[in-house]
Amino acid sequence: MNYAKGVLGAIAALFIAEFVFAWPFLSRSKATGLAALVGLSVESLFSPRFWIVAIPAFGLFFAASRGRTILRLLFFWIPTLVVSAVGFTFLGLFGYLAVISRYR
């Protein structure tokens with residue numbers, strides 16, 4: 001179970017770091033389409049600011065996963081599951097759009 005908590009915390013930290021830097025770039029970007037979103041995601045993965053946000057977020061989730069039951073529920077399970085669900089929903093949406101746009 002400890003490995004699952006670590007993986008879930010890492011995934012949630014990566015999604016949080018991506019969401020933090022995606023919205024400002026989207027509002028300033030003049031590019032449109034799915035390729036612009038993919039390029040933005042790849043660009044942010046190589047940014048040091050992305051990792052400066054992702055590593056402490058993972059550390060916070062990892063520390064929260066080791067706490068008491070109520071603290072673990074409030075500061076680990078609820079945030080990581082919500083962020084992971086929203087992140088995977090966006091990934092699924094982009095995948096669906098890519099498949100649909102290929103056949104039109």
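Only this structure's heavy atoms are used, side chains among them; waters, hydrogens and symmetry mates stay out.
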K.L.:
Going by side chain to side chain contact (heavy atoms under 4.5 Å, CB included), name the residues that satisfy it together with A17, two or more places apart in sequence or in a different chain.
P.N.:
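With sequence neighbours excluded, A17 shows a side chain to side chain contact (heavy atoms under 4.5 Å, CB included) to F50, V53, A54, given in chain and number order.
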
K.L.:
How far does CZ of F94 sit from OG of S101, to the nearest 0.5 angstrom?
P.N.:
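If we round to the nearest 0.5 Å, F94:CZ and S101:OG are 12.0 Å apart.
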
K.L.:
Any side-chain hydrogen bond (donor to acceptor under 3.5 Å, both in side chains) pairs touching residues 1-12, not counting sequence neighbours?
P.N.:
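Of all non-adjacent pairs touching residues 1-12, those that pass side-chain hydrogen bond (donor to acceptor under 3.5 Å, both in side chains) are N2-R66.
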
K.L.:
Which atom names give the shortest non-hydrogen contact between A12 and F61, and what distance separates them?
P.N.:
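Result for this residue pair: CB-CE1, 3.9 Å.
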
K.L.:
Flag yes if V7 and L60 sit in one hydrophobic cluster, no otherwise; membership is Ile, Leu, Val, Met, Phe, Trp, Tyr, and two members link when side-chain heavy atoms are under 4.5 Å apart.
P.N.:
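V7 and L60: separate clusters.
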
K.L.:
Decide yes or no on side-chain contact (heavy atoms from CB on, under 4.5 Å) for L8 and W77, but give the supporting numbers first.
P.N.:
CA-CA 9 Å; L8 186 61; W77 286 112; 3.8 Å; yes

K.L.:
Could you check T80 against I11 for side-chain contact (heavy atoms from CB on, under 4.5 Å), going step by step and ending with a plain yes or no?
P.N.:
CA-CA 8 Å; T80 55; I11 290 171; over 6 Å; no

K.L.:
Check the hydrophobic clustering (I, L, V, M, F, W, Y; side-chain heavy atoms under 4.5 Å; chains of links allowed) and say if F90 and L81 are grouped together.
P.N.:
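Same cluster.
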
K.L.:
I need the I70 CD1 to R72 CZ distance, nearest 0.5 Å.
P.N.:
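The distance works out to 10.5 Å.
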
K.L.:
Evaluate the side-chain contact (heavy atoms from CB on, under 4.5 Å) criterion for residues L97 and L93: first the C-alpha distance (whole Å), next the side-chain angles of each, then the deciding distance (0.1 Å), finally the verdict.
P.N.:
CA-CA 6 Å; L97 289 174; L93 177 66; 4.2 Å; yes

K.L.:
Spell out, yes or no, whether I78 and V83 are grouped together once hydrophobic residues are joined by side-chain heavy atoms under 4.5 Å, including indirect joins.
P.N.:
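I78 and V83: one cluster.
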
K.L.:
Name all residues meeting the side chain to side chain contact (heavy atoms under 4.5 Å, CB included) criterion together with L91; count only those two or more places apart in sequence or in a different chain, and write none if there are none.
P.N.:
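L91 satisfies side chain to side chain contact (heavy atoms under 4.5 Å, CB included) with F15, F88 once adjacent residues are dropped.
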
K.L.:
So W51 and L14, side-chain contact (heavy atoms from CB on, under 4.5 Å) or not? Walk me through it.
P.N.:
CA-CA 8 Å; W51 294 106; L14 291 175; 3.8 Å; yes

